[in-house]
Amino acid sequence: MRRSLALDAFAGAVAAFLVLPILAIVPVAFSAGSFVRLPPLAWSLRWWAAFRADPAWLHALLTSLEVAALGGLLAVLTGTAAALGLARLPARARLLATGLFVGPLVAPVIVLAVGLYALARSFGLVGSIAGLVLAHAMLAVPYVALTVGVSLAALDPRLALAASGLGAAPWRIFRTITLPLILPGIAGGAVFAAVTSFDEVVLAIFLSGPAVKTLPVLIWEQVRVEFTPLVTVAATVMIVLAILGAVLGRLLGGERAQ
Amino acid sequence: MTGVVFEGLWKSFGAVEALRPVDLAIASGEFVSLLGPSGSGKTTLLNLCAGYVEPSGGRILIDGRDITGLPPRRRNMGMVFQSYALFPHMDVAGNVAYGLQVRGLAREEIRRRVAASLAQLQLEGLARRPVRALSGGQQQRVALARALVIEPDILLMDEPLGALDRQLRRDVQLEIRRMHVARPRTTLYVTHDQEEALVMSDRIAVMRAGRVVQIGTAQALYAEPADTFVARFLGESNLLPGRVTAIEAGRAVLAGSAGPIVGRAAPGLAVGAAAAALIRPEHVHERTGGLAARVVERVFLGEITALRLALGDGTTLWSRRLGFVSPPAEEVEISWNDGDVVILPEAI
């Protein structure tokens, strides 16, 4: 195919527009100054030292990781079970039920947040890890159900028939045939769920408390008080972890394509 | 060793009658092919037997024991799928061992039986190969090994050779036949390929539109087909249409456009009914004083030559002779023996 210089330039501009705001954060984290300024006048690691020194940041990071891990796990268990159940429904019912399951993806997050806040208050879950885990799991279940659903749809139904003909009971078929073959889908969904939770800020703002807040919530609070390069250090940490997650998801997804 | 009996077994999917009530008894150690075009119900019958599909009515008996309600895993049948359905995340040995592991056999026993099974199907050396890395013929053998290693009471095969090329298909047909003769096992084999059915079967059940039209040995079906459908489906055939004018002492007379034809009367034939005279191409001879015919086509097929002949009224017939027939005269005279002709009812 003949390549067009104009098209290349346009594509480059679009890519820059998408990526530059994210990349702009990173140099600021290495600034020596006290204000956010691009490009920084001098370089240093002082804001990284400050980040390390403040237990609030470390605590928020650990909270985020804990919520992402637990929420991801809960989402994987629920979403996988949902996908297995959905796959057994007759076509029309499946369409309807799938619509319900992807509801959280379609509903405005702020609406979910208000509803969850009201519920969490009555259960005393505001400001608790459990509340955040439940909320993030709810948000991530549709992703898991969809990715596992794709794996299940690609599974030859005759494999289960063959196994049952060879004498295997349903649970054994699931353990030895179905599960190993949809595992890449489950793993991909797990990474997606964890990354979703790690990035999530709206629900977290509503459900965080003084003792339990995730990293995005702390960033949000700090920016409102004073916008120092310290915030960009936290943001850079988030970017790196998110990229690692995306790469992991890609690797697992690549295995599925084999 | 075990036989199977289907008693009034039928299945409908919604308004579609996939299988009309079938009564069929398969003897212990017998190899029966279900032969028919797609949609004839042959795979439905196989899936009913395996337990993959629940019947709408009727019973399946094994040694007189009703197994209609049993799930597939309690039937002890070996199934070979058209697509093989090998477990893609296991190697060859893993696939073959699966049914034995499920049965909880000792590790050493499993290893011994898997090795013996691989050897029997000439798969030694491939034990640790992932099944994706195998050729179609090798995959087919693994599927067969996996089904046989559990010593099934009944072996079920659903067009297992469909994906193989012609030469390989022939080899495997003969191989399956030899294995069956060496160690007879009740087998139900689904195919739409008449040659496959002829080569391997003890008996063939010809199916059409959810019905078993006729069941019998290959020779019986070839010599005495029940109707024109069976005649067309097995072997090459000349079918000359007409009406039955007389039936007497097992012989019938058919009035057609080429003149009256006499032959054996098939069961169910009625005077005045639409029928056809079946004359196999190998029974059409050249003979002085016979019917005048014109050669319109000559096809050399290797060991035989097929000639298409046009009679005076425009009816065409195929004639097959051994060997190479040098370009014959345009005009020939042909005949056949009345004893080789069967008058058949038209298929409904």
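Below, chains carry the letters A, B, ... as their sequence lines are ordered, and counting in each starts from 1.
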What one should report as the nearest heavy-atom pair of B:Pro88 and A:Leu159 is CD-CD1, 3.7 Å

dist A:Arg158:CZ -> B:Leu86:CG (nearest 0.5 Å) comes out at 11.5 Å

Closest non-hydrogen atoms of A:Ala169 and B:Arg73, given as atom of the first, atom of the second and distance, are CA-CD, 3.5 Å

Is the CG atom of A:Leu7 crowded by more than 12 outside heavy atoms at less than 6.0 Å? yes

Bottom line for A:Leu181: the part with an atom under 4.5 Å from chain B's heavy atoms is side chain

Exam field: side chain B:Arg103 to backbone A:Leu166, donor-acceptor pair closer than 3.5 Å = yes

Honestly, the part of B:Leu100 sitting under 4.5 Å from a heavy atom of chain A is neither

In short, A:Leu161 meets B:Tyr52 closest at the heavy-atom pair O-OH, 2.8 Å

Applying a strict 4.5 Å limit to non-hydrogen atoms, the region of B:Met77 in contact with chain A is backbone

If one checks every heavy atom of B:Arg74 against chain A at 4.5 Å, the contacting part turns out to be neither

Practice prompt. Could you tell me whether B:Glu124 atom CD has more than 12 heavy atoms of other residues or ligands within 6.0 Å of it?
Written response: yes

Scored by heavy-atom pairs under 4.5 Å with chain A, the best of B:Pro71, B:Ser83, B:Gly51, B:Ala50 is B:Ser83

Notebook entry, point to check: Would you find more than 12 non-hydrogen atoms of other residues, nucleotides or ligands less than 6.0 Å from B:Arg177 atom CZ?
Noted result: yes

All heavy atoms of B:Tyr98 vs all of A:Arg172, minimum pair found to be OH-O, 4.1 Å

Q. Just wondering, are more than 12 heavy atoms of other shown residues or ligands nearer than 6.0 Å to NE2 in B:His89?
A. yes

Would you say that more than 12 heavy atoms from the other residues, nucleotides or ligands in this model lie under 6.0 Å from the CG of A:Leu95, or not? no

Item to complete: Would you mind reporting whether B:Phe87 and A:Pro180 have side-chain heavy atoms less than 4.5 Å apart?
Response: no

A side-chain contact here means heavy atoms from C-beta on lying under 4.5 Å apart; do B:Gln101 and A:Thr176 qualify?
no

